[in-house]
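Quick caveat, the model's predicted, so the values are computed rather than measured. Quick note on labels: first sequence line is chain A, next is B, and so on, each numbered from 1.
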2 protein chains.
Amino acid sequence: MTVPTPALQPLDTRRVTLTDRTLNAVREGIRTGTLIPGELYSVYRLAEELGVSRSPVRDALLRLAETGIVNFERNKGFRVVLPGPKELAEMIAVRISLEVPAARRAAHNIGLDKENKLRTVYEAMEEAAKNRDEPKFMDEDQKLHGVILKLAANSYVERVIDTLRDATRLVGSSTIKGSRDLNAVLVEHRPIVEAVLAGDAVEAGRAMDTHLRKTGRVLLADAVKRTETGHDPNELWERLID
Amino acid sequence: MTVPTPALQPLDTRRVTLTDRTLNAVREGIRTGTLIPGELYSVYRLAEELGVSRSPVRDALLRLAETGIVNFERNKGFRVVLPGPKELAEMIAVRISLEVPAARRAAHNIGLDKENKLRTVYEAMEEAAKNRDEPKFMDEDQKLHGVILKLAANSYVERVIDTLRDATRLVGSSTIKGSRDLNAVLVEHRPIVEAVLAGDAVEAGRAMDTHLRKTGRVLLADAVKRTETGHDPNELWERLID
DNA sequence: AGGGGGTGTGTCGCATGTTACATGATAGGC
DNA sequence: GCCTATCATGTAACATGCGACACACCCCCT
């Protein structure tokens with residue numbers, strides 16, 4: 001002992017690495033349209049533009065390749081692959097499969113939610129809807145789903161859903177606007193929150209299910225329209241989702 | 001044109017990279033016990049042992065770290081983290097959530113199974129059980145689940161389950177022996193196969209559900225006993241799975 | 001005798017050099 | 001005028017160099 005114990009932070013031993021920052025930069029680039037899907041890029045040039053060496057850039061891109069967001073082609077470069085309607089439908093199916101049981105578990109474990117985080121977030125959503133603050137609304141929406149997953153206490157589920165979110169953020173960002181009213185989305189969340197808070201597992205699952213299906217339908221229809229592939233959204237839905 | 005077209009193979013352009021081979025080597029090392037979980041290793045030494053440079057080793061380990069199988073500690077090394085009872089329970093929960101709907105989809109899409117792969121694999125399982133050939137049996141078991149996932153036609157689900165398998169293979173490899181008869185496991189699969197082949201979605205889901213729950217229970221109980229943590233398997237099950 | 005600081009070793013993270021390959025342009029034979 | 005071989009260019013995959021940092025050990029000072 002030397003001194004009264006300074007009670008400092010564990011001092012994030014995790015100095016943010018260049019790889020992580022590159023990862024975010026690439027995500028941002030995709031989101032803002034700087035990186036065009038389908039186009040061929042090279043680690044060399046990207047590293048140069050970001051002002052770092054090739055190693056962290058390569059590491060970051062390999063991580064994205066792991067989840068299918070980018071695609072490496074040996075001796076040629078890499079491409080950003082954004083999910084088409086089929087991929088989107090698959091992701092929706094996964095979300096339904098995982099988040100509905102998660103909602104049930106959340107209702108079951110509601111006692112763990114010490115500080116009523118769920119209600120807090122929902123109220124923030126209400127507030128954002130009232131102010132027509134769409135970015136904020138989207139953000140709180142994500143957060144709400146995140147809180148429910150946390151309550152379900154399954155880190156693998158959290159991880160999978162996180163990566164899916166990563167892949168869909170680009171697709172879904174501009175979808176709500178125009179096609180659905182913020183309030184419509186809001187009221188869908190209410191029964192979920194109520195059921196979870198009441199500890200009613202069955203109802204929580206049911207509410208989550210209807211919510212995901214509704215938004216899924218909209219997302220899918222929108223994606224099909226946008227990409228102009230010959231896909232029929234109903235047929236896709238029928239084939240991949242119950 | 002020069003010659004009658006020799007009709008050669010497309011010659012897999014995908015030269016197996018050192019990273020991939022390292023990946024397999026590490027998996028193998030974990031499986032065979034050469035790499036001890038919890039122990040501290042270094043990329044340097046591992047690269048030297050494998051006779052390659054640090055880059056592909058690092059790439060491979062980063063990929064494993066992505067899925068949580070190994071854990072990097074800055075300036076110290078990396079550890080192999082094998083899943084404990086809690087993690088195992090989480091994985092079982094994910095498998096139930098994803099594979100039960102997948103079985104339903106598979107029954108729905110059974111028309112796509114042109115060559116009766118499902119029946120072929122099941123018969124191979126029967127054969128292996130008859131011969132008491134456990135490794136073969138395990139292998140065909142995996143394959144059977146794989147075929148069902150393929151029929152469900154959702155690549156994301158396939159990917160997630162694949163990584164889970166990767167993480168659980170070590171845990172589950174020695175479990176069956178002694179605790180369950182091969183035939184007992186076999187007969188659990190029969191109703192699944194029958195239902196899928198008959199196109200009975202509801203029954204396929206039900207059968208898959210009971211199968212996964214039964215084996216999950218056994219796996220979990222075994223893991224708890226083996227690790228000697230104070231966990232209660234029933235409590236874990238109750239908390240993470242329905 | 002005990003504690004504190006210096007030092008040596010080992011590690012990751014990042015930078016940079018090297019190699020083999022894919023592709024498009026170009027020159028040369030028929 | 002076509003077809004082919006050669007070459008120039010650009011790339012990922014792999015090898016290696018380097019600095020900062022964590023930790024263990026040991027010596028020295030109190």
Given atom CZ of A:R45 and atom P of D:dG10, what is their separation to the nearest angstrom? 9 Å
Please state whether the phosphate of D:dC23, meaning OP1 or OP2, lies under 4.0 angstrom from any side-chain nitrogen or oxygen of B:K76. yes
With sequence neighbours left out, what residues match A:E39 under salt bridge (Lys or Arg N to Asp or Glu O under 4.0 Å)? none
Between A:T19 and C:dG13, does any side-chain N or O lie under 4.0 Å from OP1 or OP2? no
Expected list for residues 46-64 of chain B near DNA chain C, using heavy atoms below 4.0 Å, is B:R58
When every non-hydrogen atom of B:E28 is compared with those of B:R31, the smallest separation belongs to OE2-NH2, 2.9 Å
Can any side-chain N or O of A:R79 pair as donor or acceptor with the backbone N or O of A:G38 at less than 3.5 Å? yes
Fit a plane to each ring of B:H189 and B:H145, take the angle between them on a 0 to 90° scale, and name the class: parallel (under 30°), tilted (30 to 60°) or perpendicular (over 60°). perpendicular
Can you see if the side chain of A:S42 gets near the phosphate of D:dG10 - specifically, an N or O under 4.0 Å from OP1 or OP2? no
Tell me: CD of B:E73 to P of D:dC23, nearest whole Å? 9 Å
Round to a whole Å and report the spacing from OH of A:Y44 to P of C:dA22. 18 Å
Identify the two heavy atoms, one from A:A152 and one from B:L240, that lie closest to each other, and give their separation to 0.1 Å. O-CD2, 4.1 Å
With the side chain defined as heavy atoms from C-beta on, B:R74 is closest, among C:dG13, D:dC23, C:dC14, to C:dG13
Residues in salt bridge (Lys or Arg N to Asp or Glu O under 4.0 Å) with A:E140, at least two apart? A:K136, A:K143
Without decimals, in angstroms, what is the distance between B:L40 CG and C:dC12 C1'? 11 Å
Length of the CG-P vector between B:N75 and C:dG8, whole Å: 19 Å
